[in-house]
Number of protein chains: 2
Amino acid sequence: MMIGEVAEKSGFSVHTLRYYEKIGLLPTSHRDGGGRRSYDDDVLRWLEFLSRLKDLGMPIRDRVLYARLRAEGDSTIEARRRLLQTYRDALAKRVISLTETLDVLDAKIASYDTTGTPLKGPRK
Amino acid sequence: MMIGEVAEKSGFSVHTLRYYEKIGLLPTSHRDGGGRRSYDDDVLRWLEFLSRLKDLGMPIRDRVLYARLRAEGDSTIEARRRLLQTYRDALAKRVISLTETLDVLDAKIASYDTTGTPLKGPRK
DNA sequence: CTAAGTGCTAGAGTGTGCTCGAGGTCAAGC
DNA sequence: GCTTGACCTCGAGCACACTCTAGCACTTAG
């Protein structure tokens, strides 16, 4: 696969993929005869996982750290586990908080719908 | 209340509060004799709500828009409702997606924890 | 009376995470 | 053999949301 296809399948732009490689989120690409990057399917699973880490709010420097540990092999499994555990716990809290926010919004929207005036009691 | 107290109670910095006023997230403050901003308790509830909007990912532009509509009074209730509804729906999807991510992380962490079969599992 | 503390403005600076542009190479179809 | 389009590098630029600085004014405790 060339970079354009990876971009299309992963949802990251070509620019972003090259940027990710530069900062160490993606391993140094294998190149074809013409110097172009050549990828195999594994990269798509890795990008999907990276995308989840990004989405849950892991900053890029920790994603890079995780990628570096991963590249170092099995000896870093414990470090990776601890890193993921930290973000997992934060995420669990965040899901709870966002669920509360969802309730707050629903209440607010309901107050707009029923009374036409926010934060007042129920209509008689 | 002066700005420092609002900062302490709301969790926003003094700098941020002045910035929020400048861009229209907070109404133009009343000033005391010495030209200092003076707030009443309402501002804390408003800041808490703004904080939720921020937390759910509403960009500052739309928070400003919401604040502007709110300042314009009851005639904008329908517009505000629509705005909140949009973000509520996105948030509902996001909560689902983050819950999935939580499962993904838990599975991954569990695979790291299985010391029984040393690392023959999927290595993403 | 004075020093510490808090406040003020305008505007510049910062960190994050991309995003884009200039100027070029390379492979394939017509 | 030329055009088209995807790729390359390097580095600058951008959007967002603050965050901080300089230089000054005001208030309050001792």
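Chain identifiers are assigned alphabetically (A, B, ...) following the order of the sequence lines, protein sequences preceding nucleic acid strands; residue numbering begins at 1 within each chain.
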OP1 or OP2 of dT9(D) under 4.0 Å from side-chain N/O of Arg31(A): yes
What is the separation between atom CG on Leu17(A) and atom C1' on dG17(C), rounded to the nearest whole Å? 14 Å
Give the rounded distance in Å between these two atoms: CE of Met2(B) and P of dG5(C). 14 Å
Could you tell me if the side chain of Gln85(A) sits less than 4.5 Å from the side chain of Tyr112(B), heavy atoms only? no
Are any of the side-chain heavy atoms of Leu84(A) and Leu53(A) separated by less than 4.5 Å? yes
Whole-Å gap separating P (dT16(C)) and CG (Asp62(A)): 11 Å
Given atom CG of Leu25(B) and atom P of dA17(D), what is their separation to the nearest angstrom? 10 Å
Check this one for me: any side-chain N or O of Arg37(B) less than 4.0 Å away from OP1 or OP2 of dG7(C)? no
Note: for Tyr39(A) and Pro59(B) on DNA chain D, the residue whose nearest nucleotide lies more 5' is Tyr39(A)
Is it the case that the side chain of Ser10(A) and the backbone of Val6(A) share a donor-acceptor pair, with hydrogens and angles ignored and the cut-off at 3.5 Å? yes
Kindly say if Arg18(A) contacts the phosphate of dA6(D), meaning a side-chain N or O under 4.0 Å from OP1 or OP2. no
Between Lys22(B) and Gly34(B), which is nearer to the 5' end of DNA chain D once each is assigned its nearest nucleotide? Lys22(B)
Quick one: does NZ or CZ of Lys54(A) land under 6.0 Å from the six-membered ring centre of Phe12(A), within 45 degrees of the ring axis? no
Side-chain N or O of Arg36(A) versus OP1/OP2 of dA6(D): is the shortest distance under 4.0 Å? no
Nearest nucleotide by nearest heavy atom, which residue falls closer to the 5' end of DNA chain C, Lys54(A) or Gly33(A)? Lys54(A)
Look at the side-chain N and O atoms of Tyr20(B) and state whether any lies under 4.0 Å from the OP1 or OP2 oxygen of dA17(D). no
Using distance only, find each side-chain donor-acceptor pair of residues 21-34 of chain B under 3.5 Å and give its atom names and separation, not counting sequence neighbours.
unit_1, atom_1, unit_2, atom_2, d
Glu21(B), OE1, Ser29(B), OG, 2.5
Glu21(B), OE1, Arg37(B), NE, 2.8
Glu21(B), OE2, Ser29(B), N, 3.4
Ser29(B), OG, Tyr39(B), OH, 3.4
Arg31(B), NH1, Gly35(B), O, 2.8
Asp32(B), OD1, Gly34(B), N, 2.9
Asp32(B), OD1, Gly35(B), N, 3.2
Asp32(B), OD1, Arg36(B), N, 2.9

Atom-pair distance (OH on Tyr19(A); C1' on dG21(C)), nearest Å: 18 Å
Using whole Å, report how far NE2 of His15(A) lies from C1' of dC8(D). 11 Å
Expressed in angstrom and rounded to an integer, what is the separation of Ile3(B) atom CD1 from dT9(C) atom P? 8 Å
To the nearest angstrom, how far is Ile23(B) atom CD1 from dC16(D) atom C1'? 11 Å
